[in-house]
Undergrad: 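Take this structure, written in structure tokens, and hold onto it; I'll ask about it next.
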Amino acid sequence: MNLSIAKIYKTSEMKEIIKEIEKINSKSPIFFIYGDKGTEKEYIAQFIQGRITDSKIVYVNDLKDLDSSLSYIVLSDYDLTSIKEKAFVSTEIYEALSGSYKIYIPPLKYRKQDILPLAYFFLREIENFLKLPSKNLTKDAKEALVKYSWPENAYQLKRVLTKAYINSKGRQINSKDLFIEYEDKFSIRDFLELKIGSLLKGFENIENSNLYDTVIQEVEKALISLVLSETKGNQLKTAKILGINRNTLSKRIKQYNLI
């Protein structure tokens, strides 16, 4: 299933951003996407990259120089004034960013109409990744999602939904699943029961299914992916959280095609 974030927005601000991006018919040297931490900058960047295939996505803090043969999609939690004040980049790069195509992503709390479409978009992502059945949000869950202020924006919404998907029983997610903290052992147990049950249904010959290795790989892949998402792709931090060697993590990321 091909998921596109471009199709889900309801607010006029985000619709206009998508509309302007869709008008792009020639290479632009630099796109500067900025907004509060946790807004959908990475998703919008991937949408642009789908239209300009020779573009490179980079965070402003990591931008050291510019290759004139590439288009850059630069992501930042800060606007240009703050970048200049904090001296994140050289004067040359700052001037290049000043002349860029600028896209501002407003905080989610000001985009109430986008919360539920984003929630279902993230749920479909979670289901596709875990290869598990779809779940729906109950009426009280929808009301709770819209009412909440989401101080950490869309990525907080995605984290909450991921935990709720694993913790919830059956095919419905209610407000209690979303906002009540569960002990880790119960979350892990419920996930394993759900995942193993799904895997068993796919094996015609259970005696020769190599179930142990299959389950271990599925759980390891899901765990690494979730921690990578939490750390915004920081492999060193991810390795420390998981308690594994950085080289081991790198091998697993390649093995599971997580990059």
Undergrad: To check you understand the geometry: which heavy-atom pair defines the closest contact between S55 and I52, and what is its length?
TA: OG-O, 2.5 Å
Undergrad: May I have the step-by-step check of side-chain hydrogen bond (donor to acceptor under 3.5 Å, both in side chains) for Y9 and E40, ending in yes or no?
TA: CA-CA 11 Å; Y9 287 116; E40 308 96 285; 2.9 Å; yes
Undergrad: Begin with the C-alpha distance, continue with both residues' side-chain angles, and end with the deciding distance and a verdict on side chain to side chain contact (heavy atoms under 4.5 Å, CB included) for Y165 and L132.
TA: CA-CA 10 Å; Y165 183 94; L132 289 172; 3.0 Å; yes
Undergrad: Do side-chain atoms of R171 reach the backbone of N136 as a donor and acceptor pair under 3.5 angstrom?
TA: no
Undergrad: May I ask you to decide if L145's main-chain N or O and W150's side chain share a donor-acceptor pair within less than 3.5 Å?
TA: yes
Undergrad: Within a strict 4.5 Å, meaning less than it, do heavy atoms of the V60 and V89 side chains meet?
TA: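 The answer is yes, as the side chains (C-beta and beyond) meet within the 4.5 Å cut-off.
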Undergrad: Tell me, with the steps shown, if L123 and I173 meet side chain to side chain contact (heavy atoms under 4.5 Å, CB included).
TA: CA-CA 10 Å; L123 276 178; I173 295 174; 3.8 Å; yes
Undergrad: Under 6.0 Å between ring centres: does that hold for F179 and Y148?
TA: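 When the ring centroids of F179 and Y148 are compared, they turn out to be within the sub-6.0 Å range.
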Undergrad: Could you tell me if the side chain of K142 sits less than 4.5 Å from the side chain of Y120, heavy atoms only?
TA: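 Yes, their side chains come closer than 4.5 Å.
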Undergrad: Just wondering, more than 12 heavy atoms not from K109 lying within 6.0 Å of its NZ?
TA: no
Undergrad: For a salt bridge (charged side-chain N to carboxylate O under 4.0 Å, His left out) check, start with the C-alpha distance between K23 and E20, then their side-chain angles and the critical distance, and finish with the verdict.
TA: CA-CA 5 Å; K23 290 180 181 178; E20 289 301 313; 3.4 Å; yes
Undergrad: Using the rule given for side chain to side chain contact (heavy atoms under 4.5 Å, CB included), can you reason through N234 versus L228, listing the C-alpha separation, both sets of side-chain angles and the distance that settles it, and then say yes or no?
TA: CA-CA 7 Å; N234 187 317; L228 276 171; over 6 Å; no
Undergrad: Is it true that a side-chain atom of N167 and a backbone atom of K163 form a donor plus acceptor pair closer than 3.5 Å?
TA: yes
Undergrad: Working to the nearest 0.5 Å, report the span between CD1 of I244 and CG of L249.
TA: 4.5 Å
Undergrad: Take V146 and L116 through the side chain to side chain contact (heavy atoms under 4.5 Å, CB included) test and state the conclusion after the steps.
TA: CA-CA 7 Å; V146 173; L116 289 182; 3.7 Å; yes
Undergrad: Could you measure the distance from the CZ atom of F47 to the CD1 atom of I33? Nearest 0.5 Å is fine.
TA: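 So the gap between those two atoms works out to 11.0 Å.
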Undergrad: Taking all heavy atoms of Y155 and all of E42, pick out the closest pair and write down the distance.
TA: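 Taking Y155 first and E42 second, the nearest heavy atoms are OH-OE1, 3.3 Å.
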Undergrad: Which atom pair, heavy atoms only, marks the closest approach of L118 to A154?
TA: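 Heavy atoms only, the tightest pair is CD1-CB, 4.4 Å.
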Undergrad: Which pair of non-hydrogen atoms, one from Q172 and one from T138, has the smallest distance, and what is that distance?
TA: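 Of all heavy-atom pairs spanning Q172 and T138, the closest is OE1-CG2, 3.5 Å.
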Undergrad: Are the side chains of I103 and I48 in touch, meaning some heavy atoms are under 4.5 Å apart?
TA: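 Side chain of I103 against side chain of I48, heavy atoms only: contact under 4.5 Å found.
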Undergrad: Charged N to carboxylate O below 4.0 Å: is that the case for K41 and D77?
TA: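 Looking at K41 and D77, the cut-off is met.
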Undergrad: Report the distance from atom OH of Y78 to atom OH of Y34, rounding to the nearest 0.5 Å.
TA: 15.0 Å
Undergrad: Check the angle between the aromatic planes of F121 and Y43 and answer parallel, tilted or perpendicular using the 30° and 60° thresholds.
TA: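 Perpendicular, since the angle between the ring planes exceeds 60°.
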Undergrad: Passes side-chain hydrogen bond (donor to acceptor under 3.5 Å, both in side chains), S250 versus N247? Steps please.
TA: CA-CA 5 Å; S250 181; N247 292 334; over 6 Å; no
Undergrad: Check A96 against I30 and note the closest heavy-atom contact, atom names and distance.
TA: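 Answer, listing the atom of A96 first, then I30: CB-CD1, 3.7 Å.
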Undergrad: Examine K102 relative to F31 and say whether NZ or CZ is less than 6.0 Å from the centre of the six-membered ring and inside a 45° cone about the ring axis.
TA: no
Undergrad: Tell me if the aromatic rings of F32 and Y101 count as close, with their centers under 6.0 Å from one another.
TA: no
Undergrad: Can you check whether L108 reaches D36 side chain to side chain, under 4.5 Å on heavy atoms?
TA: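 The answer is no; the side chains never approach within 4.5 Å.
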Undergrad: Show the nearest heavy-atom pair for residues I44 and I18, with the distance to one decimal.
TA: CD1-CD1, 4.1 Å
Undergrad: Carefully, step by step, assess S175 and D140 under the rule side-chain hydrogen bond (donor to acceptor under 3.5 Å, both in side chains).
TA: CA-CA 6 Å; S175 59; D140 70 304; 2.5 Å; yes
Undergrad: Taking NZ, NE, NH1 and NH2 as the nitrogens, is one of them in K158 or E152 under 4.0 Å from a carboxylate oxygen of the other?
TA: no
Undergrad: Is any side-chain heavy atom of S76 less than 4.5 Å from a side-chain heavy atom of Y59?
TA: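 They are not in contact (no side-chain heavy atoms under 4.5 Å apart), so the answer is no.
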Undergrad: Roughly how far apart are L63 CG and L97 CG, rounded to 0.5 Å?
TA: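 These two atoms lie 6.5 Å from each other.
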Undergrad: Just so I know, are the side chains of L242 and L223 near enough to count as touching, which here means a heavy-atom distance under 4.5 Å?
TA: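 A side-chain contact exists here, since the closest heavy-atom pair is under 4.5 Å.
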Undergrad: So do L157 and N153 actually touch side chain to side chain, heavy atoms under 4.5 Å?
TA: no
Undergrad: With a 4.5 Å cut-off on side-chain heavy atoms, are L236 and K240 touching?
TA: yes
Undergrad: Using 0.5 Å steps for rounding, measure from the CD atom of E127 to the OG atom of S134.
TA: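 Result: 5.0 Å between the selected atoms.
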Undergrad: Mark yes or no for whether S168, through its side chain, and A164, through its backbone, hold a donor-acceptor pair below 3.5 Å.
TA: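 Side chain of S168 to backbone of A164: a pair is present.
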Undergrad: Determine, stepwise, if the pair R111 / E13 fulfils salt bridge (charged side-chain N to carboxylate O under 4.0 Å, His left out).
TA: CA-CA 9 Å; R111 296 187 283 123; E13 299 96 327; over 6 Å; no
Undergrad: Tell me if a side-chain donor or acceptor on D114 pairs with a main-chain N or O of K10 at a distance below 3.5 Å.
TA: yes
Undergrad: How many angstroms lie between atom CD1 of I73 and atom OG of S100, to the nearest 0.5 angstrom?
TA: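 Going from CD1 on I73 over to OG on S100, the span is 12.0 Å.
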